[in-house]
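To keep things clear, I will list the structure first and then write my remarks on it.
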Amino acid sequence: MYNHKEIESKWQKFWADNKLYQAKDDSKKPKFYQLETFPYPSAAGLHVGHPKGYIAEDIHARFTRANGKEVLYTMGWDAFGLPTENYAIKVGKNPKEVAAENIANFKRQVQMFGLSYDWDREINTSSPDYYKWTQWLFIQLYKKGLAYRAKAKINWCPNDQTVLANEQVIDGKCDRCGTVVIQKEMEQWFLKITDYADRLLADLDGLDWPEATKQMQKNWIGRSEGADIDFKVDFESEPNFLILHGYTGLPGKNFIPWLKQEIESKGYKVQAPEMPNSNDPKEEEQVNFVLQNCKIDKNTIIVGHSLGCVVAQKVLMRHNSRIMGLILIASATDKTFPGSIERPFWKNFSWDIDYEKVKELTKFRTVVSDLLEDKKRGEYLKFLKEKLGSGFFETTASKQHFTDLQEPELLKVVLPKIKVFTTRPDTIFGATYMVLAPEHPLVSQITTKEQKNYVVNYVESAAKKTELERTALEKDKTGVFTGAFAINPATKDKIQIWVADYVLSTYGSGAIMAVPAHDERDFEFAKKFELPIVRVVNDEGDRRLPYTREGRIMNSGKYNDVSSSTIRSQMAKDFGTPKVQYRLRDWSISRQRYWGVPIPMINCEKCGIHPVPEKDLPVVLPDDVDFRPKGMPPLASSEQFLNVSCPNCGGPAKREPETLDTFFDSSWYYLRYTDPHNDQEIFEQSKVDHWMPVDLYVIGPEHATLHLLYSRFLTKFLFDAGFVKVAEPFNKLRHLGLIQGADGQKMSKSRGNVVNPDEVVESVGADSMRIYEMFMGPFEDGQPWNTKGLIGARRFLDKVFRTISNEVRNPSQERSLPSVEMGLHKLIKKITSDIPNFKFNTSIAAFMEFLNENKQMSKANWETFLILLAPFAPHITEELWSQLGQTDSIHTQPWPKFDEKMTEDKNVKIVVQVLGRVRATLDFPVGTSQDEVRLKVIVDPNVKRHLEGKQIVKEIFVQDKLINFVVK
RNA sequence: GCCGGUGUGGCGGAAUGGCAGACGCACACGACUCAAAAUCGUGCGAGGUUUCCUCAUGUGGGUUCGACUCCCUCCACCGGCACCA
């Protein structure tokens, strides 16, 4: 029995005092960068499963150093995030305090295992010296247009009054309190990871990653090849258009001539009058002018822009008879509306609009809003939408307030087309109806009066559904007919347009052409609602529908009788535009929580959103804030934090009160390790270029689509921006299997099966724990913890200690036997190939076998044995190394070389088979010929017995391995 | 449903076309001991007519002189995605 406590603490201190594991930036040796997931320091501390990956990497790092590389291997803390914040709320402390305690505990635990980190490079994401650069990175993304604000549905827990990350929603419920999570629409910051979808997919091919992980990323990115195809909405009768320009506008200005021409080119009549006194407009004068000079009938669609919207409604009230529709583009705002900016025409206009009457006189109404404009107009337009019960089309103008010469978005509203994405353009002749997602902007515009109630009810109830309800298994298809029709561009048939929630607003264009004969979902829907089904792909052997595979085209005019796969791309071009669609969505990074990196943006009332100037970074997270969840970002309640002067105009402005998703903090930490204390820049270019890319990353498979995808995205961004020279951060990746509790279940406090490493190290020592965890089984598999097995590992180390201590006391031999020498060379060979392949379990088996067979050998050979074992059990080997009289550290010794000749046996056992069954094994010198082997072997009594009375028809001979007689 | 992975003694596992079960745990017996622990040694898939033979790597089939290993079918479990057009 050796005293592990004494030995382990003695050598840990020695290594730290001598800075044995410092990674030198200017080393002449080739570099090797090893990374491991920096931990989230939770209040619970580590369990024995956590260090498994660290131990494996430490073995690899020690091995790699011994093989002459300069190894960068270090540790840090992913310290921001919700668990710490929640725990702080529970115990009534500040998260900062809690995080510091947790880090101290984690560091103590991690240091017990004898890991060869360069502690001088330790980082902490919640420290201002780190998050200053997190903020800087966000600003660089913003400057390149890759960070943007948009409205999105987020997960909201009504009980905790807080936003939840996707990872915190388990089966549609809040993982803290079990409340069903609802979807809430909110303005959020996003990162445009979708811009990189194609490269994130393509570059996977060159990486040494587990295939399963690459596959998971591929599925997550979800590339589909197909086509965008436009379907025209069919007007019930031929419409004509009347376009009314706004204040200071002219029919020859802005988009109006272009729009007029576009509509006329489709064969419709357009009136675009110049209104009197455009620079000083008066209501009476303009309305009278339109009524006297323009032709308005039941098929007229009035399109108003800005002040023209007010004129349009007044004209309609006076006209007092039904028209087809009203399209209000960026309407001028009512002066009574809060926050409206005073306009000179107010004195000559009134907003006493009878919205009920306007509704009555129009078949449809649509309000168009430009996202570039200030919030006040947006709010007014929403108010207008409510009053008119209209469709709402929110979009981005080419120029603010739709003032560019061409505004293509408007064409989509005025002459509505439904764009669909399909992967099967070859089946377009079978598109017998269309479906819009309930959130599709055209829904209310195209819905007919008769269907209005059904559609409104359906859309409302769809909006109210929780994610859980919408994704429930084997859900029945639901939907309603809008009353409107579209034209199938292939068949020219009028087809029904439906609204159904089986079409997702977030994928493609939120609309589909339904081909029930060749799509299971469309088929199910068509059956239920008795919609037509037309087969357009034939298969001789299979008459069943839906038929979703390839076949011969039928019922498709000139395309008939060719194979669907051949004609697909041609039909994509003939009816639409070929397109690649990705499943990947942009990365939502706003969090309405306290314990995170403040988003470094400032919102000025006058001049909009600006990044915090780089010289003012970091935006420090204030300590004196009430951080309990109240349904709004906690930082918004701190006036002191919030109020700031605008970096552009100097006027009063407000800081962004939200914080960043902690995945953002951890998506670039590996770059910071290369230059962790730089306060001038995120990292020195020469240092990051020297160390990157990461040569080995050990990480749990659960990070496949989150951290690993985000990190690849940010690296690609920094590559494009010229900050790093690598486009991929992690060359080689290995996963670790989780250690389970003794009951075979995942270790967790609630199951009561957690094993604390403090107790393990206390009782048997870190070296035994290291040996045991590596011996449990294949590194990438998970195995249950078995304390008896741990004791087996300790027994092995005791035996090593006993055997070598004995050697120290009574040196047995000057020289080892040749068979012992050969065994040692085989061992060197085995360990040397096992470590880079992560086959630690078989390495340890080989050490055990060697020790079982060889109790006596020379001191030099024991030293070699110890060097081989040192990466696995660094403390005990260092101790024995010193007991053998060495004065320098074993961990600075070069890795032993083996002689290939010494690993080759002189004699081999040859297996003798008769009809493939083993009948004998006999020793032969290496290289014995087939004839010699046969002669010796057939006289073996057992072999002879099996050959007796049989005729040898064939003889298989594998040199030095096997001879097999095939008999009859 | 789709994608990926796994399946070998009582247990963790080894063997990637050539002696299935290395190594360890558990168990049994023996040595040492007054005794226990520790240590050392022996045995340890199932069955049989036991120097040997048969069966056996989730199931059923195939390829091969020979299959845990390669191919096909099905089953079970694990992980991921899930109305993605």
Side-chain angles (χ1 to χ4, degrees), chain A residues 1 210-220 222-224 226 420-424 427 431 435 437 470-477 500-504 506-515 518-522 524-525 548 581-585 701-702 704-705 735 737-738 742 744 771-772 775-778 780-793 795-796 798-799 802 839 841-852 909-921 941-942 945-946 952-958 960-967:
Chain A
M1 291 286 279
E211 273 315 309
T213 305
K214 289 197 205 177
Q215 198 57 48
M216 248 193 259
Q217 287 213 351
K218 281 180 192 170
N219 293 345
W220 187 265
R223 183 180 196 273
S224 297
V420 303
F421 173 74
T422 177
T423 53
R424 293 296 299 271
T427 63
V435 186
R470 265 185 116 158
T471 58
L473 280 161
E474 306 200 21
K475 190 169 64 84
D476 244 10
K477 296 262 181 302
D501 68 0
Y502 83 92
V503 172
L504 308 175
T506 46
Y507 185 75
S509 53
I512 60 159
M513 65 175 208
V515 185
H518 305 291
D519 180 280
E520 280 169 34
R521 297 150 299 179
D522 297 344
E524 197 191 317
F525 192 81
T548 54
Q581 180 72 44
Y582 295 94
R583 200 193 73 105
L584 185 69
R585 309 277 153 78
E702 70 277 11
T705 49
H735 288 317
L738 289 181
I771 293 284
Y772 173 60
F775 186 57
M776 288 174 86
E780 302 200 1
D781 294 353
Q783 296 89 15
W785 182 264
N786 175 358
T787 302
K788 287 283 172 56
L790 172 70
I791 289 164
R795 278 211 280 262
F796 163 67
D798 276 335
K799 197 190 277 188
R802 228 177 11 249
K839 294 178 76 173
N841 54 333
T842 54
S843 282
I844 290 165
F847 282 121
M848 289 171 168
E849 245 170 302
F850 182 84
L851 196 65
N852 287 344
K909 282 189 162 58
I910 290 187
V911 172
V912 187
Q913 296 182 334
V914 178
L915 269 174
R917 313 197 74 104
V918 181
R919 299 305 175 190
T921 56
N942 201 39
R945 206 157 57 80
H946 282 93
I952 298 174
V953 293
K954 199 173 171 186
E955 193 177 304
I956 286 112
F957 180 73
V958 182
D960 295 336
K961 276 200 166 158
L962 164 138
I963 186 159
N964 185 9
F965 299 104
V966 184
V967 296

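Just so we're on the same page: letters track the sequence lines, and every chain starts at 1.
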Among the nucleotides rC65(B), rC53(B), rC19(B), whichever has the atom closest to the side chain of R945(A) is rC53(B)
rG24(B), OP1 or OP2 - any side-chain N/O from N852(A) closer than 4.0 Å? yes
D501(A) atom CG is separated from rA85(B) atom P, nearest whole Å, by 17 Å
*Is a side-chain donor or acceptor of N841(A) paired with a backbone partner of M776(A) at a separation under 3.5 angstrom?*
no
When rounded to whole Å, the CZ to P distance for the pair F796(A) and rC25(B) reads 12 Å
Polar atom pairs (N or O), protein with nucleotides 5-12 of chain B, under 3.5 Å:
{"residue": "rG12(B)", "atom": "O2'", "partner": "M776(A)", "partner atom": "O", "Å": "2.4"}

Between CZ of R795(A) and C1' of rA37(B) the distance, given in whole Å, is 12 Å
Between L962(A) and E211(A), whichever has its closest RNA chain B nucleotide further toward 5' is E211(A)
The Watson-Crick or G-U wobble partner of rG24(B), with both key distances under 3.5 Å, is rC11(B)
So, OP1 or OP2 of rC53(B): does either fall under 4.0 Å of a side-chain N or O from H946(A)? yes
Check your understanding: Within less than 4.0 Å of OP1 or OP2 of rC81(B), is there a side-chain N or O belonging to R585(A)?
Key -> no
message: Under 4.0 Å, heavy atoms only, any strand: does P778(A) hit a base, just the sugar-phosphate, or nothing?
response: sugar-phosphate
ask   = Which part of the nucleic acid, if any, lies within contact of H735(A), taking any heavy atom under 4.0 Å across all strands shown: a base, the sugar-phosphate backbone alone, or nothing?
value = nothing
Taking the C1' atom in each of rA15(B) and rC29(B), what is the distance between them to the nearest angstrom? 30 Å
For G792(A), which contact category applies under a 4.0 Å heavy-atom criterion: base, sugar-phosphate, or nothing? sugar-phosphate
Categorize T213(A) for me: base, sugar-phosphate, or nothing, with a 4.0 angstrom heavy-atom threshold over every strand shown. nothing
Next item on the list: Verify the contact: side-chain N or O of R917(A) to OP1 or OP2 of rC19(B), cut-off strictly under 4.0 Å; return yes or no.
Entry: no
(Q) With no hydrogens and no angle check, just 3.5 Å: does a side-chain donor-acceptor pair link N964(A) and K954(A)? (A) no
Quick note, W220(A) side chain, CB onward, closest among rC65(B), rC25(B), rC81(B) is rC81(B)
So does N841(A) get a side-chain nitrogen or oxygen closer than 4.0 Å to the phosphate oxygens (OP1/OP2) of rC23(B)?
no
*Give N942(A) one of three labels, base, sugar-phosphate or nothing, depending on what nucleic acid heavy atoms sit under 4.0 Å from its own.*
sugar-phosphate
Of rA85(B), rG18(B), rC81(B), the nucleotide closest to the side chain of R583(A) is rC81(B)
Describe the nucleic acid contact of D798(A) in one word from base, sugar-phosphate, nothing, applying a heavy-atom distance below 4.0 Å.
nothing
What is the nucleic acid contact for Q913(A), judged by heavy atoms within less than 4.0 Å: base, sugar-phosphate only, or nothing?
base
Its glycosidic angle compared against 90° from 0, rG9(B) adopts the form syn
inquiry  = Students often get this wrong, so: under 4.0 angstrom with heavy atoms, is V911(A) touching a base, only sugar-phosphate, or nothing?
reply    = base
query = With a non-hydrogen cut-off below 4.0 angstrom, is K839(A) in contact with a base, only sugar-phosphate, or nothing?
reply = sugar-phosphate
Picking from rC19(B), rC65(B), rA85(B), the nucleotide nearest the side-chain atoms of T921(A) would be rC19(B)
Here the distance between atom C1' of rC81(B) and atom CG of L584(A), to the nearest Å, is 14 Å
Taking only side-chain N and O atoms of T842(A), does any of them lie within less than 4.0 angstrom of OP1 or OP2 on rG13(B)?
no
Q. At under 4.0 Å between heavy atoms, what does K799(A) touch on the DNA or RNA strands: base, sugar-phosphate, or nothing?
A. sugar-phosphate
From CZ of R919(A) across to P of rC19(B) the rounded distance in Å is 15 Å
note: Y582(A), atom OH; rC81(B), atom C1'; distance rounded to Å ~ 19 Å
Tell me whether the rings of Y502(A) and F525(A) are parallel (<30°), tilted (30 to 60°) or perpendicular (>60°). tilted
Nearest-nucleotide check on RNA chain B, G222(A) vs Q215(A); residue mapping nearer the 5' end is Q215(A)
To the nearest angstrom, the NZ-P distance between K961(A) and rC65(B) comes to 19 Å
In Watson-Crick or G-U wobble terms, with both distances under 3.5 Å, the base opposite rU6(B) is rA76(B)
Here the distance between atom C1' of rC25(B) and atom CD1 of I844(A), to the nearest Å, is 15 Å
